[in-house]
Amino acid sequence: MNYHVLTLFPEMIEQGLNTSILGRAREKDLITLQTINIRDFSENKHLKVDDYPYGGGAGMVMQAGPVYKAYEHVKNQIATEKPLRVIYLTPQGKVFTQAMAEEFAMEQDLVFLCGHYEGIDERVLEKIVTDNVSIGDYVLTGGELPSMVMMDAISRLVPGVLNNDVSAEIESFHDNLLEYPQYTRPEEFMGEKVPDVLLSGHHANIEKWRREQSILRTVQRRPDLLEGANLTDKEKRLMKEMLSEGV
Ligand code: 6GU
């Protein structure tokens with residue numbers, strides 16, 4: 001997976017993707033990161049990339065020219081027949097989900113366009129953006145953190161990035177259910193014991209307990225997810241019991 005990030009703050013992206021699992025994935029070239037400083041494509045001797053909004057109003061707007069040139073610079077390096085996905089990070093976009101992460105993870109290259117100020121001149125967005133994406137219903141100062149959130153979620157789906165290939169599948173949101181609770185040593189912590197079943201060595205019972213815990217958690221914490229969950233008839237009855245008992 002090759003990421004190309006168009007931004008005014010390349011160091012923020014570089015720093016954010018240098019550590020831990022993503023840092024290791026970059027060392028192994030499972031993912032690559034190219035940051036492009038939009039300011040390098042300024043058309044102005046003061047390296048300005050923004051200007052006042054036509055029609056007036058607060059704040060500044062990023063100019064079309066530098067953004068377009070930065071995009072062309074990237075586009076010219078990517079040899080692909082497929083149409084290139086250019087993701088614009090904006091609170092006006094479609095809210096990012098695990099399903100979208102799975103779809104983006106199938107691409108060879110992804111371009112992220114991070115805006116700042118009051119946004120980017122609409123005309124360049126219309127020319128280059130294929131996907132408008134938000135990471136949730138709140139307002140951030142720029143697209144850098146959202147792009148990093150997306151790259152994190154996408155990277156862990158790239159084969160080899162996680163050490164263990166099962167864990168990307170079993171956890172939260174697999175099947176629209178939340179993950180079951182986890183325990184490790186010691187067996188007792190501040191008077192609280194690890195559930196007996198997990199010490200039993202009985203794998204079928206453990207699987208059954210975990211599945212029930214996943215359903216219980218989802219009922220308690222994210223009932224909105226249950227509509228998309230794939231439950232057996234028996235599990236649906238269990239879920240209804242939980243809901244009627246007001247768990
Ligand atoms: Cl993608 N950008 C900004 N500026 N704010 C956001 C966002 C994106 N997603 C949620 N809030």
Side-chain angles (χ1 to χ4, degrees), residues 1-19 22 31 33-42 48-68 70-71 74-75 83-107 109-158 172-173 176 178 221-222 224-225 228:
M1 170 64 71
N2 306 309
Y3 299 123
H4 313 267
V5 185
L6 311 175
T7 171
L8 290 173
F9 302 97
E11 69 288 351
M12 190 173 170
I13 309 284
E14 292 283 354
Q15 290 290 340
L17 268 58
N18 237 341
T19 318
L22 299 195
I31 62 175
L33 172 66
Q34 177 192 25
T35 55
I36 299 94
N37 192 337
I38 296 168
R39 198 173 298 282
D40 292 344
F41 299 87
S42 167
K48 244 171 59 103
V49 290
D50 62 340
D51 210 329
Y52 297 99
Y54 277 119
M60 302 291 270
V61 177
M62 283 171 69
Q63 293 172 292
V67 171
Y68 191 74
Y71 161 77
V74 165
K75 167 103 180 148
L84 184 59
R85 302 287 285 269
V86 179
I87 300 162
Y88 178 45
L89 289 311
T90 166
Q92 300 176 12
K94 189 172 160 194
V95 177
F96 189 52
T97 61
Q98 188 65 27
M100 287 160 73
E102 285 164 18
E103 193 204 321
F104 286 129
M106 300 194 301
E107 300 289 332
D109 292 87
L110 288 172
V111 179
F112 292 91
L113 172 57
C114 305
H116 253 267
Y117 315 117
E118 292 306 307
I120 301 180
D121 189 306
E122 190 68 19
R123 292 166 297 181
V124 69
L125 298 177
E126 283 169 2
K127 288 245 187 289
I128 70 176
V129 173
T130 59
D131 299 86
N132 289 284
V133 182
S134 163
I135 62 162
D137 291 337
Y138 37 81
V139 181
L140 302 168
T141 56
E144 283 75 16
L145 286 169
S147 77
M148 287 191 264
V149 166
M150 288 187 67
M151 286 186 275
D152 190 294
I154 295 164
S155 296
R156 56 186 294 294
L157 301 174
V158 171
S172 289
F173 295 113
N176 260 36
L178 300 183
R221 300 184 184 187
R222 291 294 307 276
D224 57 299
L225 292 176

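Note that ligands are numbered from 1 as they come in the structure, with each ligand's atoms numbered from 1 the same way. Note that this is a predicted model, so its numbers are computed, not measured.
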Does Lys127 have more than 12 heavy atoms from other residues, nucleotides or ligands lying within 6.0 Å of its NZ?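 No, not enclosed.
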At what distance is the nearest protein heavy atom to atom 2 (N) of ligand 1, and which residue and atom is it?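 Ranked first by proximity to atom 2 (N) of ligand 1 is Pro91 CD, 3.5 Å.
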Around atom 11 (N) of ligand 1, find the nearest protein heavy atom and jot down its residue, atom name and distance.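 That would be Tyr138 O, 2.5 Å.
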Could you tell me, atom by atom, which parts of ligand 1 come under 4.0 Å of a heavy atom of Ser134?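 Within the 4.0 Å cut-off of Ser134, ligand 1 contributes 1 (Cl), 9 (N), 10 (C).
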Under 3.5 Å: donor-acceptor pair, side chain of Ser42, backbone of Lys48: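 Yes, the answer is positive, given that a donor and an acceptor are paired below the 3.5 Å cut-off.
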Within the 4.0 Å heavy-atom shell around Leu89, which atoms of ligand 1 are there?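 Matching atoms, with element in brackets: 1 (Cl).
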Flag if over 12 foreign heavy atoms under 6.0 Å of CG, Asp137: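 At most 12 heavy atoms, drawn from other residues, nucleotides or ligands, come within 6.0 Å of this atom.
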Check Val5, Ile87, Val86 against Leu110 for a side-chain contact (heavy atoms from CB on, under 4.5 Å) and give me the one that passes.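 Exactly one option meets the side-chain contact (heavy atoms from CB on, under 4.5 Å) with Leu110, and it is Ile87.
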If you have a sec, work out which protein heavy atom is nearest atom 8 (C) of ligand 1 and how many Å separate them, to one decimal?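 The closest one turns out to be Pro146 CG, 3.6 Å.
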Tell me whether Val133 reaches ligand 1 (any heavy atom closer than 4.0 angstrom to a ligand atom).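 It does; at least one heavy atom falls under 4.0 Å.
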Looking only at protein heavy atoms, identify the closest one to atom 5 (N) of ligand 1 and say how far it is in Å.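 Checking every protein heavy atom, the shortest distance to atom 5 (N) of ligand 1 gives Leu140 N, 3.1 Å.
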Identity and distance of the protein heavy atom lying nearest atom 1 (Cl) of ligand 1: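 Going by distance alone, atom 1 (Cl) of ligand 1 is nearest to Thr90 N, 3.1 Å.
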How far is atom 10 (C) of ligand 1 from its nearest protein heavy atom, and which residue and atom name does that atom have?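 Residue, atom and distance for the closest contact: Gly136 O, 3.0 Å.
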Nearest-0.5 Å distance that lies between atom CZ in Arg85 and atom NE2 in His4: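 So the CZ of Arg85 and the NE2 of His4 are separated by 14.0 Å.
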Which of these, Ile13, Ile154, Asp109, Thr35, sits in a side-chain contact (heavy atoms from CB on, under 4.5 Å) with Tyr3?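 With Tyr3 as partner, side-chain contact (heavy atoms from CB on, under 4.5 Å) holds for just one option, Ile154.
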Starting from atom 9 (N) of ligand 1, which protein heavy atom do you reach first, and at what distance in Å?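 Result: Ile135 N, 2.9 Å.
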Out of Glu103, Met106, Gln98, which one pairs with Leu157 under the side-chain contact (heavy atoms from CB on, under 4.5 Å) rule?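 That would be Gln98; it is the only one of Glu103, Met106, Gln98 passing the side-chain contact (heavy atoms from CB on, under 4.5 Å) with Leu157.
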